[in-house]
Amino acid sequence: MEPWRPSPRNPTDRIDPNTFRFHFPNLLYASGRKLCYLCFQVETEDYFSYNDSDRGVFRNKVHPWARCHAEQCFLSWFRDQYPYRDEYYNVTWFLSWSPCPTCAEEVVEFLEEYRNLTLSIFTSRLYYFWDPNYQEGLCKLWDAGVQLDIMSCDDFKHCWDNFVDHKGMRFRRRNLLKGYDFLAAKLQEILR
């Protein structure tokens with residue numbers, strides 16, 4: 001890795017429940033939520049059955065000299081963990097923000113590098129959904145074969161069960177789906 005570029009931190013296993021409830025609700029405008037969280041699950045396929053699973057959470061990393069978005073942290077980590085391009089991978093991301101245009105482009109390049117990988121992205125919110133550059137980034141991901149969707153109640157529950165250090169607290173959907181209908185319709189409009 002180039003010396004000027006930050007090395008991504010290792011993913012954490014789980015995030016705090018308050019962090020999840022603050023950063024993941026489906027909101028149209030989420031003031032004060034400048035961090036992006038990426039919960040991921042990697043399954044390796046062996047003879048058409050998934051037998052291995054790796055999961056964790058990345059958060060965007062900001063350095064004075066360079067930024068590393070959560071997506072970039074994952075891509076760098078994945079290349080280190082899974083250097084083989086002849087295995088089949090099924091990767092699922094749950095993002096608090098949809099990818100920016102730069103990250104979308106890097107993901108498309110990554111998918112060209114790993115042709116035996118399928119990627120599904122479930123995002124809580126659409127980042128600058130009114131900006132044509134951000135819309136174009138989402139369309140490039142879609143055209144590259146990425147499944148894109150807005151996080152639903154089932155997705156939030158999956159994240160709560162698998163990525164949140166909830167210490168036995170029950171999942172509550174309260175306030176998580178406020179902007180779901182609008183965001184789901186907007187994403188479909190962008191991808192048409």
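- Between Cys100 and His69 the shortest side-chain heavy-atom distance falls below 4.5 Å.
- Checked by atom type and distance alone, the side chain of Trp93 never pairs as donor or acceptor with a backbone atom of Glu71 at under 3.5 Å.
- In this pair, Phe40 and Trp77 present their aromatic rings tilted. The plane angle is within the 30 to 60° band.
- When side chains are defined from C-beta on, Asn26 does not count as touching Asp181, because their heavy atoms never get closer than 4.5 Å.
- Between Tyr88 and Glu43, every side-chain heavy-atom pair lies at or beyond the 4.5 Å cut-off.
- Looking only at side-chain heavy atoms (C-beta outward), Tyr82 and Leu117 stay at 4.5 Å or farther from each other.
- A 4.5 Å side-chain heavy-atom check between Leu148 and Thr123 finds every atom pair outside the cut-off.
- Of all non-hydrogen atoms in Cys73 and Cys68, the two that sit nearest each other are SG-SG, 3.3 Å.
- Contact of the Tyr128 side chain with the Gln135 side chain is not registered, since no non-hydrogen atoms from C-beta on lie closer than 4.5 Å.
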**OP:** Show the numbers, then the answer: is there a side chain to side chain contact (heavy atoms under 4.5 Å, CB included) between Val42 and Phe74?
**Re:** CA-CA 11 Å; Val42 177; Phe74 174 87; 4.0 Å; yes
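- By the 4.5 Å heavy-atom criterion applied to side chains, Phe24 and Phe163 are not counted as neighbours.
- Qualifying side chain to side chain contact (heavy atoms under 4.5 Å, CB included) partners for Phe171, counting only residues two or more places apart in sequence or in other chains: Cys153, Phe156, Lys157, Trp160, Arg173, Leu176.
- The shortest side-chain heavy-atom distance between Asp149 and Asp155 does not fall under the 4.5 Å cut-off.
- Relative orientation of the Tyr89 and Tyr114 rings is perpendicular, given thresholds of 30° and 60° on the angle between their planes.
- The aromatic rings of Phe78 and Phe110 sit perpendicular to each other, their planes meeting at more than 60°, with 30° as the lower class boundary.
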